[in-house]
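I have placed the structure first, in the form of structure tokens, so that the comments after it can refer back to it.
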Amino acid sequence: NGKIVIANAGRSNGGTSQDMILCRLDSNGILDNTFNSSGTLLVDMDGGGNQPDIINDFDFDAQGNIYAIGATRTGSAPSSNDFAIIKVSPTGQLVNSFDGDGKKLFNPSGNAEFGSGIRVLSDGKIVFGGTAGSNVIIMKMDSTGTLDNTFNGTGSTSINFGSSMEMYGMEIDSYDRILISGTVNSSISNAGVARILQSGLLDSNFGTAGIFNVNLGGSDNEVFDLAM
């Protein structure tokens, strides 16, 4: 419909909590007041108003709902960050059919987790993930926030690039295969890409056993996105 959605983190007027923020503009760059009456939605993930939240990526389903992913700190240190996901209606309201209140935290590794990619598949299921400790974790859920156990038996898969990996990009190809990219940290950082099947397994027909992990140019590489 030509409208524009932007997302990251923000604070309400006079507020102290860093919350998830979604804004919608019309095609002329004016806040769209049909979205949450103001053009802006702030979401405090833990409800306490004292932990930082952020959105790093988002996507739309066929009904125009927005799925946004980022991170929320659940303790006193960055090591307590979890994947944080919200589902927002086209009118700018949290969708309560998603985990009861429109928002959900995932802590699949027990380490610091930073959600950085989310995509809606052709069947309406959602894949998402990001950096989790030194690995990348990719997960799959349905529209209610319930993990899909047809994905690697648990709804979650961990990908090891041989060194710590910071994931920054996710895309879906025409076969619903998941592509992720990021920076592989080593003595000289590399470019990393992986392709995952809808079974949750790495695609053995891509790179080396599903992973491309190569230094380009002989110096540090930093990868922040990919596109198809």
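Here, residue 1 is the first one in the sequence, and each next residue gets the next number.
- Looking at K103, its side chain does come within 3.5 Å of a backbone N or O of D44 through a donor-acceptor pair.
- With hydrogens and angles left out, the side-chain atoms of S38 and N33 include no donor and acceptor closer than 3.5 Å.
- A distance of 6.5 Å separates CE of M228 from OG of S174, quoted to the nearest 0.5 Å.
- Considering every non-hydrogen atom in both Q63 and P90, the closest pair reads O-CG, 3.5 Å.
- Here OG of S143 is found 12.0 Å from CG of D99. Values are rounded to the nearest 0.5 Å.
- Of all heavy-atom pairs spanning I4 and S27, the tightest one is CD1-CA, 4.3 Å.
- S156 and T154 form no side-chain donor-acceptor contact under 3.5 Å, judged by distance and modelled atom types alone.
- Side-chain atoms of N96 and D101 include no donor-acceptor pair closer than 3.5 Å.
- Between the side chain of N221 and the backbone N or O of S219 there is at least one donor-acceptor pair closer than 3.5 Å.
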Could you please spell out the steps behind the side chain to side chain contact (heavy atoms under 4.5 Å, CB included) verdict for N36 and Q93?
CA-CA 6 Å; N36 196 37; Q93 308 299 315; 3.1 Å; yes

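- Side-chain atoms of T74 come within 3.5 Å of backbone atoms of S80 as a donor-acceptor pair (strictly under, hydrogens ignored).
- A 4.5 Å side-chain heavy-atom check between V193 and I180 finds every atom pair outside the cut-off.
- F83 is not listed as a side-chain neighbour of T131, based on a closest heavy-atom distance of 4.5 Å or more.
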I would like to know whether M141 and T146 meet side chain to side chain contact (heavy atoms under 4.5 Å, CB included); could you show each step before the answer?
CA-CA 5 Å; M141 65 181 177; T146 302; 6.0 Å; no

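- Residues R119 and D57 form a side-chain contact, since some pair of their non-hydrogen atoms from C-beta on lies under 4.5 Å apart.
- Note: R195 CZ to F212 CZ = 13.5 Å, rounded to the nearest 0.5 Å.
- Residues L22 and V5 have side chains in contact (heavy-atom distance under 4.5 Å, counting atoms from C-beta outward).
- One N or O on the side chain of T183 and one on the backbone of V223 form a donor-acceptor pair closer than 3.5 Å.
- No path of Ile, Leu, Val, Met, Phe, Trp and Tyr side chains, each step under 4.5 Å between heavy atoms, connects F151 with I118, placing them in separate hydrophobic clusters.
- With rounding to the nearest 0.5 angstrom, the CD1 atom of I69 is 11.0 Å from the CD1 atom of I126.
- Between S89 and V95, the shortest heavy-atom contact is N-CG2, 3.5 Å.
- Note that the CG atom of D142 and the CZ atom of F98 stand 9.0 Å from one another [nearest 0.5 Å].
- Here the side chains of N215 and D220 are not in contact, with every heavy-atom distance at 4.5 Å or above.
- Under the 3.5 Å distance criterion, with hydrogens and angles disregarded, no donor-acceptor pair is assigned to the side chains of Q198 and K125.
- Checking each of I178, N135, L197, I138 against T157 for a side-chain contact (heavy atoms from CB on, under 4.5 Å) leaves exactly one that passes, namely I138.
- No side-chain donor-acceptor contact under 3.5 Å links N28 to the backbone of I30.
- F60 and F35 end up in the same hydrophobic cluster when Ile, Leu, Val, Met, Phe, Trp and Tyr side chains are linked at under 4.5 Å.
- In this structure, the side chain of D61 engages the main chain of G64 through a donor-acceptor pair within 3.5 Å.
- Linking Ile, Leu, Val, Met, Phe, Trp and Tyr whenever their side-chain heavy atoms come within less than 4.5 Å puts I86 and L105 in one cluster.
- Here K3 does not pair with D26 in a salt bridge; the nearest charged N to carboxylate O distance is not below 4.0 Å.
- Side chain of N185 to backbone of M165: no donor-acceptor contact under 3.5 angstrom is found.
- Here the CE atom belonging to M20 is positioned 10.5 Å from the CG atom belonging to L41, to the nearest 0.5 angstrom.
- No side-chain heavy atom of T34 sits less than 4.5 Å from a side-chain heavy atom of T91.
- Shortest non-hydrogen contact noted between V184 and S163 is CG1-CB, 3.9 Å.
- Counting only heavy atoms from C-beta outward, the side chains of M45 and D19 never approach each other to under 4.5 Å.
- A single hydrophobic cluster is not seen to contain both L94 and L42; linkage of ILVMFWY side chains at heavy-atom distances under 4.5 Å, directly or through other members, places them apart.
- A distance-only check finds a donor-acceptor pair linking the side chain of K104 to the backbone of G145 [under 3.5 Å].
- Heavy atoms only, all atoms of each residue included: N56 and S116 are closest at CB-CA, 4.0 Å.
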Going through the distances and angles, do L202 and I159 end up as a side chain to side chain contact (heavy atoms under 4.5 Å, CB included)?
CA-CA 8 Å; L202 285 164; I159 301 170; 4.2 Å; yes

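- Side chain of D173 to backbone of Y175: a donor-acceptor contact under 3.5 angstrom is found.
- Ring planes of F106 and F128: tilted class, angle from 30 to 60°.
- Evaluated for a side chain to side chain donor-acceptor pair (under 3.5 Å) with T72, the options D82, D53, N81 yield exactly one hit, D53.
- Between I54 and N8 the shortest side-chain heavy-atom distance falls below 4.5 Å.
- Residue V127 is not grouped with residue I66 when hydrophobic side chains (ILVMFWY) are merged at heavy-atom distances under 4.5 angstrom, including chains of intermediate members.
- Within the 3.5 Å criterion, the main-chain N or O of Y67 finds no donor-acceptor partner in the side chain of D59.
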